[in-house]
Amino acid sequence: MQRFDFELISSWIPERARVLDLGCGDGVLLAGLSATHGVFGYGIEIDDAHVLASVKHGVNVLQDDLETGLATFGDSTFDFVILSQTLQAMHNVEGVMREMLRVGREGIVTFPNFGYWRHRLDVLQGRMPVSKELPHKWYDTPNIHLCTVKDFEDLCVKVGAQILDERVIHGGKQVTVLPNLRGSLGVFRFRRRP
Amino acid sequence: MSELDPRSVGAAVPQRAGFLEPLILKAGKTLASYELVYETYGTLNAERSNAILVCHALSGNHHVAGVHADDPKKVGWWDNMIGPGKPIDTDRFFVIGVNNIGGCHGSTGPGSIDRATGQPYGAAFPLITVEDWVVSQARLMDRLGIQKLAGVIGGSLGGMQAMQWTLSFPDRIRHAFVIAAAARLSTQNIAFNDVARQAIVSDPDFHGGNFYAHKAIPARGLKLARMLGHITYLSEDLLREKFGRDTKRTEYGFNYEVEFEIESYLRYQGDKFAQVFDANTYLLMTKALDYFDPAKETGGDLPRVLAQAKAGFFVASFESDWRFPPERSREIVKALVAADKRVTYAEIDAPHGHDAFLLDNRQYHELVAAYVDNIASEINAGPRRTPLALGTAELEEMRGFQVQREGT
């Protein structure tokens, strides 16, 4: 899968930043950021195959559960904490958001936008959506907390996150007109509300 | 040889190095001179940059990989980790196994003759710490012309030595593999160690540690110590699965003879061990474990201590290990992260308990192999020359590869 959110994230990260990547997958985002931006960081990953892939990419990967593993990190110890297309699979989304705000000076979250028109159409037709963005059937999906761009804005308010930037993209392009309807991927940048 | 296992380093020859420079020990005493016995596998490159030191745990020794020419059945204790086509490949790396001072496999230890008296040291042999071992190992590296190690690897007590290397000689180690270890022993661990020691010292044949002079060995005490240790190195699940409540006879005997299979197994293991291992070495090794606590001088501030390390760290634990559980490894990882160190941490799903660090496990070995490959690119040692072979199918393929290569 092409990760259009990675390009956007890369454009936001300054040189030599300290980055924590939650659910770092095969580690390509961190490996890329360290090659192009000289960032220092850690990835957290629970899946064995992903941990191995991350090591192969030369990433500092720590095998742990995101829902509890952030206790490893001190307050404000990272410039950026990234949660890329993982939010929807978490149990305690609110808890993780609060931990991101504690550990990082800024947070970046990307997630599949459930408000995307194709998903809405599927639901209107009486079916759970199955798409490129949400490829799983309802009964075997890891995605237990799907939300729309608007829903996520509400959560930001609740956990005390001030949104610094908010993009909705589709097919690699930013959607500016009716983004919650026409965009399939939400990308948010935020910090603790001062 | 290659027909049996194409991944074996083959026949290994133990070597000796004598040191006349006194070793000043942490305990305040001095070892006037000492010998280290070691083995090497692979070839040291021209830059002398491809050396990996293997540190052994409580009962280990210098025979890490391959076999001995006179005894092809005597396979090294970490043979599944080291060799061409294994995680630490000897095509690219020069691997060193050393028997620690205080050991009983050839390096100077309590059973060695004290030149000053002409008698075995026995109780007079000083307590040796992890720090002391690391200094002695560094001197061996000097002797071999190795200024900077590509890596130091060890499990359990061996992992502690790897960690200590990054603190004692931060400029002489690129990477530390700290496996199934801890930054210091738990209370429970010290307790187990003391029961083991009490079993040994209360054996009438111990003679206050000078049993050599009495031509005796405290075999009963050493056996008990090993039996206790053995239980703690395995997981409960594994014991249940392996032995259950199986008995030799179907009816209970209602006496104190060996009945359950686990009793028979443990006694056999204990007896076997007591015949080959030195009781004083066992005492010394368990004390070295107990004393290891690099953060002690900072009042327990491990991140502050680890701040001086320059190495990258590979830390791994095993889910079923209750002697050195994952929590202990996570403490190390947390401190390394707080100190901004490069670290990789894996928690391996293995059912065997503490012993898992010595056993075959695909995920574990693939991770070590991947990390070793990264070190190889760091020192420009190139790609693997023999493909990594961890499974039976890959091994078969490798046999073909070997034949091909031998043909060219």
Side-chain angles (χ1 to χ4, degrees), chain A residues 16-28 30-35 38-82 99-100 102-105, chain B residues 87 174-179 301-304 306-307 311-319 326-350 361-379 383-384 388 390:
Chain A
R16 310 212 156 271
R18 281 178 55 87
V19 175
L20 180 63
D21 187 0
L22 306 177
C24 66
D26 59 7
V28 289
L30 262 184
L33 285 173
S34 93
V39 307
F40 178 78
Y42 302 96
I44 299 196
E45 184 53 63
I46 195 162
D47 177 75
D48 278 352
H50 282 154
V51 170
L52 178 61
S54 290
V55 174
K56 286 182 175 172
H57 282 116
V59 164
N60 292 317
V61 60
L62 312 177
Q63 190 161 29
D64 213 333
D65 185 347
L66 287 188
E67 318 245 3
T68 54
L70 266 65
T72 304
F73 305 101
D75 296 356
S76 301
T77 43
F78 290 92
D79 297 316
F80 284 88
V81 182
I82 301 168
E99 278 290 86
M100 288 180 73
R102 177 183 70 78
V103 169
R105 278 181 270 279
Chain B
R174 283 180 186 276
H175 293 276
F177 295 76
V178 181
I179 300 169
D301 191 347
L302 192 58
R304 206 172 104 204
L306 286 168
F313 285 78
F314 176 91
V315 181
S317 68
F318 300 88
E319 279 170 21
E327 291 75 41
R328 297 288 84 75
S329 286
R330 275 199 232 108
E331 284 166 7
I332 300 172
V333 171
K334 192 172 177 175
L336 286 168
V337 167
D340 275 349
K341 299 301 164 190
R342 291 169 291 148
V343 51
T344 286
Y345 172 61
E347 211 165 290
I348 312 292
D349 177 16
N361 177 293
R362 192 174 185 97
Q363 174 74 3
Y364 168 41
H365 281 184
E366 278 204 285
L367 283 167
V368 173
Y371 197 91
V372 163
D373 287 344
N374 292 345
I375 301 177
S377 34
E378 209 177 296
I379 62 165
R384 285 179 182 269
L388 184 68
L390 299 174

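Just so it is clear: chains get the letters A, B, ... in the order the sequence lines come, proteins before strands, and each one is counted from 1.
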> Should A/Asp64 and B/Tyr345 be marked as a side-chain contact (heavy atoms from CB on, under 4.5 Å) after you check the CA-CA gap, both sets of side-chain angles, and the distance that decides it?
Replying inline: CA-CA 9 Å; A/Asp64 213 333; B/Tyr345 172 61; 5.7 Å; no
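- Considering B/Val337, B/Val333, B/Leu336 as possible partners of A/Tyr42, the one that fulfils the side chain to side chain contact (heavy atoms under 4.5 Å, CB included) test is B/Val337.
- Taking a 6.0 Å sphere around CZ of B/Arg362, one finds it holds more than 12 heavy atoms contributed by other residues, nucleotides or ligands.
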> What do the steps show when you test B/Asp340 against A/Arg18 for side-chain contact (heavy atoms from CB on, under 4.5 Å), and what is the final call?
Replying inline: CA-CA 10 Å; B/Asp340 275 349; A/Arg18 281 178 55 87; 2.4 Å; yes
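- Across A/Phe40 and B/Arg342, no two heavy atoms sit closer than the pair CE1-CG, 4.0 Å.
- The shortest heavy-atom contact between A/Lys56 and B/Asn374 is O-OD1, 4.1 Å.
- Taken to the nearest 0.5 Å, the CD atom of B/Glu347 stands 10.0 Å off from the CG atom of A/Asp48.
- Looking at B/Ala338, neither its backbone nor its side chain comes within 4.5 Å of chain A, counting heavy atoms on both sides.
- Heavy atoms closer than 4.5 Å to chain A are found in the side chain of B/Gln363, but not in its backbone.
- When every heavy atom of B/Thr344 is checked against every heavy atom of A/Val59, the shortest pair comes out as OG1-O, 3.7 Å.
- Using a 4.5 Å cut-off between heavy atoms, A/Thr77 does not touch chain B at all.
- Separating the CD atom in A/Gln63 from the OG atom in B/Ser317 is a distance of 8.5 Å, to the nearest 0.5 Å.
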